[in-house]
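Structure record follows, encoded as structure tokens.
What you see is a predicted model, and the numbers here were worked out from it, not measured in a lab. Every number for a ligand or one of its atoms is a count from 1 in the order of the listing.
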Amino acid sequence: MLVGPSDKNRALDVLKAFGIEVVELSDEREAVRRLESESFDFVAVKRFPLSDSLAAALALRPSAKVVDLSSLQSGVLMDDSPGFSRLAAVVESSPIAIAVVSPSDFRIEIANALFVELGRCFGSVAVPEIKGLSMSAAFPEMVPVLDEVRREMRPRLDEAVELVCPTEVAVFKRIVTPVLNPSGDLDCIAILFLDVTQHLRAAKEIEALAKMIARRSARLDSILGSMTDALWLYDENGEVIDVNQSALTMFGLGSKQEAIRHRDFAEFQLRDREEKPLPLSRLPQTLALQGKAVPDYVAIGRHLITGKDLDLSIAAGPVHGEEGIAGAVLVIRDITALKELDRKKDEFLSVASHELRTPLTTIKGYTQLLTQSGEQTSLADRSLFLNAALGEIDRMMRLISELLDVSRIETNRFQLHRQPLEWIAFLEKLTSAFRVQYPDRKIEFISHVAEITIQLDGDRMRQVVDNLLANAIKYSKEGSAIRVEAMVDGSTVRTSVSDKGIGIPRDEIPFLFERFRRARNVSSRHYGGLGLGLYISKAIVEAHSGDISIASEEGEGSTFVITLPLEPKIGNV
Ligand code: ADP
């Protein structure tokens, strides 16, 4: 809006207070220049008739309507010239509630439709009386604010003023600004109310939505983080967007950035079950990006740090977006341990069948011999054959009992029947029995204590000592010495069984108490066994609140130590 020099400054000040750009010009030449270079909605001039040059400039701007400021009497909105009528209409229909009050008694001089409505809803007066009223009557709560603006002579902005009426609560942004006259005195005060209720409600909804999304994303992050399966997310171009922690640990990657660099898995050396390398075109993520779902693909990969092979089960699927395939998700499970278990199961089955078949073959041989030879076999030979067959039957029964014990331990059906037992006499008896059975072995028993009585399950403890002695004999050369030693150590009794046999590779010692565990220096052909004796022995000793341990050097020999608590004890030491 272009305005020539005018004494109706107050009107112009009010326009400025409403944020309408007002250009005041001191001379006509400047007005002509601006008209030629800029465009305006309307032009307000004080003097009529127009000078020729201004009229010519205006003729070139048909869109600009001319407003005669000299016709203004008392206030900008009273003007009935076309431009001001338009302006008045704009102010009147503005989405902002606007009012102008006098500085002395805060009387409402101008109020647009929305302000009148505001007064009706939230103020203390009814329509249409608001114009001409004092703010202290219409909006008493505004008076302190107006006082402040009048005192400070500075605009005041309140971001969220809450207005309450019986039917609603609304929030407004409020601007109260002083309007000064050319001499710098307060001419009037303009008040603007902008309804931000919807805006705030939307902002609150967005905030709640953002919080919900953040919560969901945190939950998702923690789920993905705690997953043992590795997760790889790809975008539609095959770039890695995200991976979880398991993906990093599975392949020995240091960071997500490193994972991003390994998008094509080249260094993981993926191979199929026949050990044939998987080219990029056959990788599950490539197929998924082409829209194909890859369910459980078994492959072999390599750990970057240890260089060890990993058995992997890989599943992949496309992620569908609004415009087709937006990416792919790849889930990798490390099944190395499962495969190892599978291998062990197969090995166990083959060892178990072999172990059970060997005595059966012997029994069958002796029985056939007895049937075929008939009367010719001497009584001495018959008894020899039958004893041999019985020995093999015992061996089979032992194996089957071991298997049953394992199942009892696993299902917590393992029970003890404790009775007072003279431990030294018990050990003496067992070693003597072995001496009789293996006359060519030197089996020593040394006790550092006269006798000690402990509450034990005798049958079960016999199983433990028998197993240790049988192992000592099985895993050492004929003629080499075996020593059983008992001593009291504080509140426990320590019993050791030592041999000078093949010993145990150091790295395997911690695992020998596990089911079906056999050390690598024990070939099943030479040394029969299922790898269950130590597992069962440990369960029995621990059920007695005791402990069993191994000290061994490969090629030197082994010592197995059982430690049992003396309490509850009966008898003398
Ligand atoms: P098994 O003797 O039937 O294999 P055990 O559970 O009694 O089963 O023993 C597990 C493994 O521990 C054996 O296979 C063997 O490798 C090792 N082991 C046990 N006792 C000895 C020993 N005295 N000397 C050397 N190795 C032994």
- Is the Lys NZ or Arg CZ of Lys474 less than 6.0 Å from the centre of Tyr527's six-membered ring, within 45° of the axis? no
- Item | Part of Leu532 within contact of ligand 1 (heavy atoms, under 4.0 Å) | backbone
- Task: Mark up the atoms of ligand 1 that fall under 4.0 Å of a heavy atom belonging to Leu530, in ascending order.
- Result: 3 (O)
- Hey, is ligand 1 close enough to Gly533 that some N/O pair sits below 3.5 Å? yes
- Message: Would you say that more than 12 heavy atoms from the other residues, nucleotides or ligands in this model lie under 6.0 Å from the CD of Gln415, or not?
- Response: no
- Task: Starting at CE of Met250, measure out to CD1 of Ile332 and round the result to the nearest 0.5 Å.
- Result: 6.5 Å
- Query: Using the benzene-type ring in the case of Trp, are the ring centres of Phe268 and His262 under 6.0 Å apart?
  - Reply: yes
- Item | Crowding at CZ, Arg357 (>12 non-hydrogen neighbours, <6.0 Å) | no
- Note on the structure: Nearest non-hydrogen protein atom to atom 12 (O) of ligand 1, with distance, is Leu512 CD1, 3.4 Å
- Query: Are Gln455 and Arg418 close enough that a side-chain donor and a side-chain acceptor fall under 3.5 Å?
  - Reply: no
- Message: Please list the nearest protein heavy atom to atom 11 (C) of ligand 1 with its residue and the distance rounded to 0.1 Å.
- Response: Arg517 O, 3.7 Å
- Which bit of Tyr527 is near ligand 1, meaning a heavy atom under 4.0 Å away: side chain, backbone, both or neither? neither
- Message: Please list the nearest protein heavy atom to atom 27 (C) of ligand 1 with its residue and the distance rounded to 0.1 Å.
- Response: Tyr475 CD1, 3.5 Å
- Message: Do Thr336 and Asp311 pair up side chain to side chain, a donor and an acceptor below 3.5 Å, judged on atom types alone?
- Response: no
- Item | Contact atoms of ligand 1, heavy-atom distance to Gly529 under 4.0 Å | 3 (O)
- What protein heavy atom is closest to atom 19 (C) of ligand 1, reported as residue, atom name and distance in Å? Asn471 ND2, 3.5 Å
- Query: Nearest protein heavy atom to atom 15 (C) of ligand 1, by residue and atom, and its distance?
  - Reply: Val522 CG2, 3.6 Å
- Message: When you compare ligand 1 with Gly531, is there at least one nitrogen or oxygen pair between them that comes in under 3.5 angstrom?
- Response: yes
- Query: Is the closest heavy atom of Lys474 to ligand 1 under 4.0 Å?
  - Reply: yes
- Note on the structure: Quick note on ligand 1: atoms under 4.0 Å from a heavy atom of Asn467 include exactly 7 (O)
- Heteroatom proximity flag, Arg518 to ligand 1, N/O under 3.5 Å: yes
- I would like to know whether Arg271 and Asp309 meet salt bridge (charged side-chain N to carboxylate O under 4.0 Å, His left out); could you show each step before the answer? CA-CA 10 Å; Arg271 287 150 283 156; Asp309 273 351; 2.8 Å; yes
- Would you call Arg506 and Glu553 a salt bridge, using N to O less than 4.0 angstrom? yes
- Report the nearest protein non-hydrogen atom to atom 26 (N) of ligand 1: residue, atom name, distance rounded to 0.1 Å. Ile504 CG1, 3.4 Å
- Task: Indicate yes or no: does an N/O atom of Leu534 lie under 3.5 Å from an N/O atom of ligand 1?
- Result: yes
- Query: Is it true that Phe513 lies under 4.0 Å from ligand 1, counting heavy atoms only?
  - Reply: no
- Using a strict 4.0 Å cut-off to heavy atoms of Phe560, name the atoms of ligand 1 that fall inside it. 19 (C), 20 (N), 21 (C), 22 (C), 23 (N)
- What's the shortest distance from atom 23 (N) of ligand 1 to any protein heavy atom, and which residue and atom give it? Asp499 OD2, 2.9 Å
- Query: Should the heavy atoms of other residues, nucleotides or ligands under 6.0 Å from NE2 of His199 be counted, would the total exceed 12?
  - Reply: no
- Task: Kindly give the heavy-atom pair with the smallest separation between Pro284 and Val294, and that separation in Å.
- Result: O-CG2, 3.8 Å
- Message: Does any N or O of ligand 1 fall below 3.5 Å from an N or O anywhere on Ala519, backbone included?
- Response: yes
- Query: Hey, does Ser558 sit under 4.0 Å from ligand 1 if you only count heavy atoms?
  - Reply: yes
Mind listing the side-chain donor-acceptor pairs of residues 380-399 below 3.5 Å, one per line with the distance, residues two or more places apart or on another chain?
unit_1, atom_1, unit_2, atom_2, d
Arg382, NH2, Gly374, O, 3.1
Asn387, ND2, Ser383, O, 3.3

- Message: Could you check whether atom CZ of Arg333 has more than 12 heavy atoms from other residues, nucleotides or ligands sitting under 6.0 Å from it?
- Response: no
